[in-house]
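Structure record follows, encoded as structure tokens.
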Amino acid sequence: MSVILITAIGSASAKTVIEQLKRTGHMVIGCDIHPKEWIVNARDVDYFYCVPSSVDVHAYLNVLSGICSKHKVDFLLPLTDPEADILCNDAVRSQISDTLVCLAHSSVIKLCRDKLVVERSLRENNICKTIPTKKLENNYVGVDENEFSFPGVVKPRFGRSSQGKEIVHSLEDLYFYTKNNKDLILQPFIAGNIYTVDVLRDCSGKCVCIPRKELLRNSIGLGISIRIEKCVEIVEICTSIMNYLDYIGIANIEFIRHDEQFYFLEINPRFSGGVGFSVLGGYDFVNNTIRCFGNQPIDPQPEIQDVHISQRYEQYVLGHSFNS
């Protein structure tokens, strides 16, 4: 049994992560910036801590370090991008040196989180098909309407979960969406189906991929209804990307399929919000991530079965309020 600390247990992937770890007998500690009374998943962990927001890096790290020390935490699993950005840092890892942070190397995570640079790197090295990406500077300076064919997609260069993504149809739209924002990128709009792939690669180079076609998503890009599909091509593309990056650990890669071609959209260096789909599809990404960072063999690629899976929201009574 290992002691495992999970951050942001109110996030979309937390339920699956907690369930899989508890199923295999691990002690699970959860933390979140919101109080225990607000979070259903807090009922399912062995210990819960309300922690400062990662925006206050110093306070956040001090509290996490204290939790790791108090409980002798073996593994730390960050579930959101802002926390991964902080916890991948080598100096931070040394601060909690007795705890293994289950993240790829800091240089790899920084590359993955930069949508401009990772697109250019994959394209220039002929790793996969990508969507040409342009940096927007000083609002929309440098965008020539005669050269760029609208509609386009504007999104934060270091964004997450489809937040801040907008479709623009003209220079006027572009100005409206960019006048108060910085670090934005522009891509041509491509119609097609979104594919999301959960991927795990260990230090020996073994790579496991479970692809799913997103049939219905919410406004922040979380799949509600999906179909897991057996697709050799997308598995080969993801394996090539992970090998090129020398990525070790869990990741989620998104593509858009247009005219029978897969175009890279982004890579998220963490569990996807829909990792539960992949678990139902036949692969335990959670415990295999622990094995990966514990230098143990991970389970091999399973035979992928085509299956349609949907999820729903549920309500829980966490307590009663009484008016005096």
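Throughout, residue positions are numbered sequentially from 1 according to the sequence presented.
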Given side-chain contact (heavy atoms from CB on, under 4.5 Å), test Asn126 with Tyr244 step by step and report yes or no. CA-CA 10 Å; Asn126 297 313; Tyr244 167 70; over 6 Å; no
Describe, in one word, how the ring planes of Tyr195 and Phe262 are oriented to each other, choosing from parallel (under 30°), tilted (30 to 60°) and perpendicular (over 60°). perpendicular
Expected output: side-chain Asp74 to main-chain Val3 donor-acceptor under 3.5 Å: yes
Side chains of Arg201 and Ile248: does their closest heavy-atom pair fall under 4.5 Å? yes
Mind checking the CD-CD spacing from Glu260 to Glu233? Nearest 0.5 Å is all I need. 9.0 Å
Does any N or O in the side chain of Ser69 come within less than 3.5 Å of the main-chain N or O of Ser65, such that one atom is a donor and the other an acceptor? no
For a side-chain contact (heavy atoms from CB on, under 4.5 Å) check, start with the C-alpha distance between Lys129 and Ile237, then their side-chain angles and the critical distance, and finish with the verdict. CA-CA 9 Å; Lys129 292 185 180 296; Ile237 293 170; over 6 Å; no
Can you tell me how far CG of Leu222 sits from CD of Gln311, rounded to the nearest 0.5 angstrom? 5.5 Å
Atom pairs and distances, donor-acceptor, side-chain atoms in residues 30-37, under 3.5 Å, two or more places apart:
{"unit_1": "Asp32", "atom_1": "OD1", "unit_2": "His34", "atom_2": "N", "d": "3.0"}
{"unit_1": "Asp32", "atom_1": "OD2", "unit_2": "Ile9", "atom_2": "N", "d": "3.2"}
{"unit_1": "Asp32", "atom_1": "OD2", "unit_2": "Gly10", "atom_2": "N", "d": "2.9"}

Using only atom types and a distance under 3.5 Å, with no angle test, would you say the side chain of His258 pairs donor to acceptor with the backbone of Ala191? yes
Single-linkage hydrophobic cluster, 4.5 Å side-chain cutoff, Tyr47 and Leu77 together: no
Linked, directly or transitively: Val197 and Ile256 (ILVMFWY side chains, under 4.5 Å): no
Does the pair Arg120 and Thr130 meet the rule for a side-chain contact (heavy atoms from CB on, under 4.5 Å), with working shown? CA-CA 8 Å; Arg120 182 184 302 152; Thr130 67; over 6 Å; no
For residues Pro132 and Pro188, report the shortest heavy-atom separation together with the two atoms involved. O-CD, 3.3 Å
Please answer: with hydrophobic residues joined when any side-chain heavy atoms are less than 4.5 Å apart, are Phe277 and Val208 in the same cluster? yes
Of all heavy-atom pairs linking Ile167 and Phe189, the shortest is CD1-CE1, 3.8 Å
Does a side-chain heavy-atom distance below 4.5 Å link Ile67 with Val51? yes
Side chain Asp259, main chain Gln261, donor-acceptor under 3.5 Å: no
Cluster link Ile190 to Leu174, ILVMFWY, side chain under 4.5 Å: no
Got a salt bridge between Asp44 and Lys22, using NZ or NE/NH1/NH2 to carboxylate O under 4.0 Å? no
Is the backbone of Asp56 close enough, under 3.5 Å, to the side chain of Ser53 for a donor and an acceptor to pair up by distance? no
Value for CZ (Arg93) from CD1 (Ile96), rounded to nearest 0.5 Å, stands at 9.0 Å
Partners meeting side-chain contact (heavy atoms from CB on, under 4.5 Å) with Lys15 (sequence neighbours left out): Glu19, Asn41
Nearest non-hydrogen partners of Val101 and Leu87, listed with the distance: CG1-O, 3.8 Å
Decide if atom CZ of Phe158 counts as having more than 12 heavy atoms of other residues, nucleotides or ligands within a radius under 6.0 Å. yes
Sequence-distant partners of Leu215, side-chain contact (heavy atoms from CB on, under 4.5 Å), two or more places apart: Lys213, Ser225, Arg227, His308
Check Lys115 against Ile185 and note the closest heavy-atom contact, atom names and distance. CB-CD1, 3.6 Å
Tell me, do His26 and Asn287 make a side-chain contact under 4.5 Å, heavy atoms counted? yes
Check this for me: Phe176, atom CZ, are more than 12 non-hydrogen atoms of other residues, nucleotides or ligands nearer than 6.0 Å? no
Apply side-chain hydrogen bond (donor to acceptor under 3.5 Å, both in side chains) to Asn193 and list each qualifying residue two or more places apart in sequence or on a separate chain. none
Hey, are the side chains of Leu5 and Thr99 touching, using non-hydrogen atoms and a 4.5 Å cut-off? no
As an exercise, state the distance from OH of Tyr60 to OG1 of Thr7, rounded to the nearest 0.5 Å. 4.5 Å
Taking atom NZ as the centre, does Lys165 end up with more than 12 heavy-atom neighbours from other residues, nucleotides or ligands that are less than 6.0 angstrom away? no
Sidechain-backbone polar pair: Tyr283 side chain, Asp299 backbone, donor-acceptor under 3.5 Å: yes
Is the backbone of Gly274 close enough, under 3.5 Å, to the side chain of Ser278 for a donor and an acceptor to pair up by distance? no
Less than 4.5 Å apart, any side-chain heavy atom of Ile241 and any of Tyr247? no
What pair of heavy atoms forms the shortest contact from Pro78 to Arg270, and how long is it? O-CB, 4.5 Å
Set of side-chain contact (heavy atoms from CB on, under 4.5 Å) partners for Asn252, sequence neighbours left out: Thr196, Asp198, Arg212, Glu254, Asn268, Ser272
Using side-chain heavy atoms (C-beta onward) and a distance below 4.5 Å, is Thr80 in contact with Ser13? no
Can you tell me how far the CD1 atom of Ile194 sits from the CD1 atom of Ile226, to the nearest 0.5 Å? 14.0 Å
State whether the side chain of Lys135 and the backbone N or O of Leu116 hold a donor-acceptor pair below 3.5 Å, judged by distance alone. no
Rounded distance (nearest 0.5 Å) linking atom CD of Gln187 with atom CD1 of Ile131: 5.0 Å
Under 4.5 Å between any side-chain heavy atoms of Cys207 and Val199, yes or no? yes
Any donor and acceptor pair, going by atom type alone, linking the side chain of Ser94 with main-chain N or O of Ala91 inside 3.5 Å? yes
Side-chain donor or acceptor of Glu229 paired with backbone N/O of Pro211 under 3.5 Å: no
May I ask you to check whether Phe75 and Phe293 place their ring centres under 6.0 Å from each other? no
What are the two closest heavy atoms between Ile210 and Pro302, and how far apart are they? CD1-CG, 3.8 Å
Answer with yes or no whether the hydrophobic clustering places Leu64 together with Val92; edges join I, L, V, M, F, W, Y residues whose side-chain heavy atoms lie under 4.5 Å apart. yes
Between Ile250 and Val275, does the side-chain contact (heavy atoms from CB on, under 4.5 Å) criterion hold? Intermediate values first, please. CA-CA 10 Å; Ile250 187 73; Val275 68; 5.5 Å; no
Heavy-atom side-chain contact between Tyr49 and His71 under 4.5 Å: yes
With sequence neighbours excluded, tell me which residues meet side-chain contact (heavy atoms from CB on, under 4.5 Å) with Gln296. Arg291
